Amino acid sequence: MSVYTYYPGCSLESTACEYDASVRAVFKALEVELHELEEWNCCGASSAHCVNPLLALALPARNLALAQSLGHDLVLPCAACFNRHKSADYELRHDPDRRSELEAIVGFRYQGNIAVRPLLEVLTIGVGLESIRGRVKRPLGGLKAVAYYGCLLVRPPQVTQFENPENPRLMNQLLETLGAEAVDWSYATECCGGGLSLTKSSAAARLVNRLAERAREAGAAAMVTSCPLCQINLEMRQSGTQKLPIFYFTELMGLAFGLPEAESWWGKHLIDPRPLLAEIKSLQPASAKRDW
Amino acid sequence: MSRIGVFVCHCGHNIAGTVDVKAVVEQLQRNGDVVFAIDYKYMCSDPGQQLIRESIEKYQLDGVVVAACSPAMHETTFRRTVSAAGLNGYRCESANIREQVSWVHQQNKEAATQKAIEIAESIVEKVKRNEALEPLILPLTHRTLVIGGGIAGMQAALDIAEAGYAVILVERQDHLGGRMAELSGSFLNFQAAPDLLDRKIQQVLSHPNIQTLLNADVDSLSGYVGNFRVRVRQKPAEAEAPFVPLDDLQPLTYTFDVGAIVVASGWQPYDRARLPEYGGGEIPDVVDGLTFEAMLRSGDVIRRPSDGKIARQVVFVQCAGSRDPEHGVSYCSKVCCMYVAKQAMLYKERVPQGQAYVFYIDIRSAGKNYDEYVQRAMTDYGVLYLRGKVSRVFREGDQTLVWGSDTLTGRAVEIAADLVVLATPMLPSNGSVELGQLLHISTDGYGFFNEAHPKLRPVETLTAGIYLAGVAQGPKDIPETVSQASGAAAKVLQLFSKNEMTSSPLVASVIEELCAACGACVKVCPYGAREIHPIWNYATVNAALCQGCGACVVACPNKASQVRNWRVEQVMEMVDALV
Amino acid sequence: MNQDFLQTVEALSGEPILLCFHCHKCTAGCPVVEEMDYGPDRILRMVQLGEKEKLLRSRDIWLCATCETCGTRCPNGIDIAKVMDTLRMEALRCGVTPAEPEAAKFHKLFLFVVQTLGRSHEASLLIAYKLWTLNLLADMDSGLQLFIKGKVPLMPKTIKGRHQVKRIFVKSAEAVAKEQSASGKPAPAQEAK
C-alpha cells in the first residue's frame, strides 16, 4: 500500500509540531502518500476514558467513520491516539451490542474495511526496513540511544496487536537500520507517567528520572520515542544538569536521510539535542567549514 | 408355550406410589405365556430373591421378567438369582417400570399403570424368544507392559513382578529413574534421590520377571484387554555396533503379547520462553526448579550461572506459569510449594550467610508433616516468605531485579537477586497425546491422561486393561506416585487372578446362509470386530471386540447380522406388544 | 457487605472481578503504587467486599496512570485499569469530591474544550487549569519556552463538524446514565459533597 490516511492528533498541531513535520517529510522522502483525514476530531486521550468510557469509544469512532469511506489504512503517529482508535475498532469489531450503541451515537454503519495502524509499524513493516535503508544517506553511526516504546503502543496486547509487550523490537531494528546503536535496556515499556504529568507531576518526575537514569546506565546518550505525551513529559520532568535529549524516531529518520528540513526541528525541543549531534562526527554535514 | 414368571416390585413407595402394582400383576396373569405373576415390596432383597428362586422351582418357570428398576441397577443381581435356581441367566430380563414410568409420570397414575403394563408385556415377548447363552471365555495373557521407567513405572513393575507375573518395562531414555533421578534431595527428609532410587533400579534390572528395554518407545498397539499385541521400537546402543555410525543403525523392533498395560509416561518441565515477563528464558541467572536441582546435586556451593560468583540473594518465584489461565496453565502443579521449601533450605545449608526469599500466592502443603516442614524453612532457616506474585524479572547491570509485592503490607517489593528460581508448571511428557491416540485412551486439554472416574477410579482408564500411574495422569509428588503405581499394579493383579476372562455373550452373530459378503458391516463396525472370512466368504465376528452396538444389524441389507437376544424379530414382537 | 456495588462495578466495567485471587501481581508491577494509598489489588478487594465509600473517596482511582501493565499481566485477565475508569465514573456520578482534585479538574476542562471546538487547545486548557487549581507558577519556565518556540498556538483550531462532536458528548452521557441506573441505583442525593 502506498497511500495512507493520516490522523495527526491534537498534540502534533501544537506541542509536538516537530513530530508532525518529521512524519510528513519522511513520508515524502519515501514516496508514500499521506492524506490527512479531513475534519478529524480529538480522540479524547486519557481524559475521556477516565470519566466516560463510552465517550472514549465514540470520539474515535467518528474518525473511523470518516476514514472508512476513504478506504485506506489509518496511520496514527501518537501512541495514545493509536490506542484509543484501536480500542474503538476492537470493540466495534468484536462486540455487536457495543457496535450498535456506537453506531447510534455517532450516526454511521461500521464497515471494518480499514486497519488502524501505529506509525512505527507502518514505516518499519508497511513501508519496510529495506526501503528505509535505501534512503539512508548519512548513517547515524556513533549515536547510542535507547528505544522507548512506552505503554499505550504495546498494551493491552490483545487490542494493540503490536509485538511482544514485554520485549518489542521494531524501533530497535529501525535505529540499527539508520546506523545508530540501539542500546539494550530493561525499561523500554515502563510507564513514564505521562498521563499524570500535569495532575501529579511529582509522580511523573519520579518515573521520568528513573527512566533517564537507567538509560544513562545502559550507555545511552539519548532516548527515542513514538509518543508526543511521552516526549514532552520526558523533556519537562527530567531534573539535574545533564539531561538526555528525547528524539522522535521520525526525526532521526529525517536526519539519516539527509533531509535539510531536519535542522529546523531541533530548535523546537525543550532539551536541545544539537550539542549531542555535534559530537557525533559522522553526522557532520559534508560541507562543514574547516578552520585552517 | 412358554412358562414365564412375572415379578412386579413395589420398590417401597418408589414404584407402588405411582403404579398400581396389583393391576399390573392382574393384567400380566392374563397373558397366555405367563404362568405365574406376583408383586412384592423389594424384589432385590434377600426374601425377594428367595421368592424368585422358589417360584422357578415350584412353577417350572423357563423365563423370568422382573418389573422393577432399571437393568443398570439390578439386572446382574436377578440374573445371578435365577442362575442359582438352575435357570439360565439370559432367560431373565428387567422391565423398567421405575426410571421409565413411576419416576417420570408421578402426576398421572392411571397412564403410568397402563405404561407399566405395556412395558412388562413387551419384555415378556422378548424373554420368550431369548436364547439361553453362556458368557464368553476369552484367553488372558499374564504379561504386563509398563510404559515409562521412572519411579511410577518401576514401582508398578516391581509389584507385578513380585506377584509372579512377567513385565516388559519400556523406557524412552537410556537410563531408568526418570525425573526423580534429576532431583537432589527429596522433601521431608532430604534423602538424596540417587540413594532412594539406586536400590529400586537395581531391583528392577536384576528381577527375573522384568525385561527392561531402554531407548525404546511403543510403536503400535492392537487387541483388547487380556490380549494386546504391542510393537516396541528400540534405538540400538552404540556399543552394539561400535564401528557403524549411529544414524545408520536400524532400530530394533520387538512384538509382545500382553494382557495389561500400565501407562507411567511422566512429565516434562515448562518452557521458560513462555514467560516473557520473567525473562523469557534468556537470562542465565533465571533458572527453573529442575535446573536448580542439578545445581544442588553438584554438591558445590550455589553460584550464579552468568559469572560463577557465589549467589547470596536467591529468589524463588512460585506459581510461575501455574494457576495462570491467561498466560500459562490454569491448574496448580501441586508439588512446587513443597519443593521450593526444600530447595530454599538446602540452599541455606550450602550458603549459610545467603538470604532466600519465596514469593507465593498460597502455600499448599497438604500431606503428613508437610506444613510443619514448610514452617521449618521460615523459622529454622530464616527463609523470608512474601505473599505476592512477581510482576517482572529482568536484568539490570550484573544483577537480576525482581519486582514483587507483599500483600500483607500492601507494598511493592524490589529485590536485587543473584539467582532467581522459577517454580514452573509440570506438563505431561512430550508425545503424551500421540501415545494416547496409539493406545486409544483419552487425554485432557493439557495432555494428561484421563482416569475412568475422578473420585472412585483413579488408576484405570475407560479402556479395559489399560491403567495409569504417576504424573502422566496429573501433577503429584513421589509418595502419591508410588501409591498410585501400586494401585495400578493391584488392578493388574486383579485382572490376572483368573486364567481366563469372561465377557458378555450379547454380541453380534451372522446367519451365514444370508450373508452376501458385501462388507458393509466391516466398514461400519466402530470396534473393528468384523471381517470377511478369506476362505468361507461370509462375515465373522470377533466376539471379544464386539460390544453389541447393533450398527452391523442396521447396515446389513440381508438381515444376516443379528445381535444375540436382540434379534430383529424379537424387537418387532416387543413393538407389537406396545402398540 | 454490599453485593450491589460489586455487581454494579462488574456490569459497568465488564470485568470478571470475582476471578481475582489476590496474587498481587498487579500491585507488584504498578508504576505509581508508591503514591497510592491501597494499590490495584486492594482496590479490587474493596470492590469485592462492597466498600463503596472508601473506594470513591480514595486517591488511588485518580492516580492510576492507565498504563495497562496490571491488566496485561493478570493471570485471570482482569483489566484493573478499566475497573479504575468505572470507579472514577461512579465517583463523579455520586458527586463525591475527588481525592485528587487536580486530576478531575484537568479532565473536565480538557473535555470541555474538546466538546466546544471538536479538538483540543492547549493554551486555553492550560490557562484555565492553572487558574482553577491556583497553581499559576508551576512549569512556568517550560511553559514559556514552549510558547516562544511556537508550540502553544493562541488561536484555537476548530472543525466544521464540531456540533457532531457535541452531539456525541450529549448522547454518550445519556447512554451511560441509562446504563448506570439500570445496573445500579439512581444517583443518591444524600452523598456528601
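Within every chain, numbering begins at 1; the chains are lettered A, B, ... in the order of the sequence lines, protein sequences first and strands thereafter. Here the structure is a predicted model, which means the values were calculated and not measured.
- Heavy-atom distances place the side chain of Glu18(A), and not its backbone, under 4.5 Å from chain C.
- There is no contact between Leu102(A) and chain C, counting heavy-atom distances below 4.5 Å.
- For Leu152(A), the part lying near chain C is the side chain, with the backbone staying farther off; criterion is any non-hydrogen pair under 4.5 Å.
- Listed options Ser46(A), Cys43(A), Gly195(A), Cys191(A) were ranked by heavy-atom pairs under 4.5 angstrom with chain C; first place goes to Cys191(A).
- Side-chain contact between Arg119(C) and Val114(C) is absent, with no heavy atoms from C-beta onward closer than 4.5 Å.
- Leu207(A) touches chain C through its side chain: at least one heavy atom from C-beta onward sits under 4.5 Å away, while N, CA, C and O do not.
- Only the backbone of Ala104(A) comes within contact range of chain C, with at least one heavy atom under 4.5 Å from a heavy atom of that chain.
- Of the atoms belonging to Ile61(C), not a single heavy atom falls under 4.5 Å from chain A.
- Within the 4.5 angstrom heavy-atom criterion, only side-chain atoms of Lys157(C), from C-beta onward, approach chain A.
- Heavy atoms of Leu196(A) lying under 4.5 Å from chain C belong exclusively to its side chain.
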Chi angles and distances behind the ring pair (Phe, Tyr, Trp, His ring centres under 6.0 Å) call for Trp265(A), Phe247(A): CA-CA 10 Å; Trp265(A) 304 332; Phe247(A) 290 104; over 10 Å; no

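- Among Asn52(A), Leu54(A), Ile105(A), the residue with the largest count of heavy-atom pairs under 4.5 Å with chain C is Ile105(A).
- With hydrogens and angles left out, the side-chain atoms of Asp20(A) and Tyr248(A) include no donor and acceptor closer than 3.5 Å.
- Distance check: Ser100(A) OG to Arg109(A) CZ gives 8.0 Å after rounding to the nearest 0.5 Å.
- Contact annotation for Glu38(A): neither backbone nor side-chain heavy atoms come within less than 4.5 Å of a heavy atom of chain C.
- For Arg162(C), no part sits under 4.5 Å from any heavy atom of chain A, backbone or side chain.
- Considering only heavy atoms from C-beta on, Lys200(A) comes within 4.5 Å of Glu100(C) through its side chain.
- For Lys105(C), no part lies near chain A; criterion is any non-hydrogen pair under 4.5 Å.
- Neither the backbone nor the side chain of Asp141(C) comes within less than 4.5 Å of any heavy atom in chain A.
- No side-chain N or O of Thr27(C) forms a donor-acceptor pair with one of Asp41(C) less than 3.5 Å apart.
- For the atom pair OG1 of Thr160(A) and CD of Glu121(A), the computed distance is 11.0 Å after rounding to the nearest 0.5 Å.
- Considering every non-hydrogen atom in both Ser186(A) and Glu190(A), the closest pair reads O-CG, 4.5 Å.
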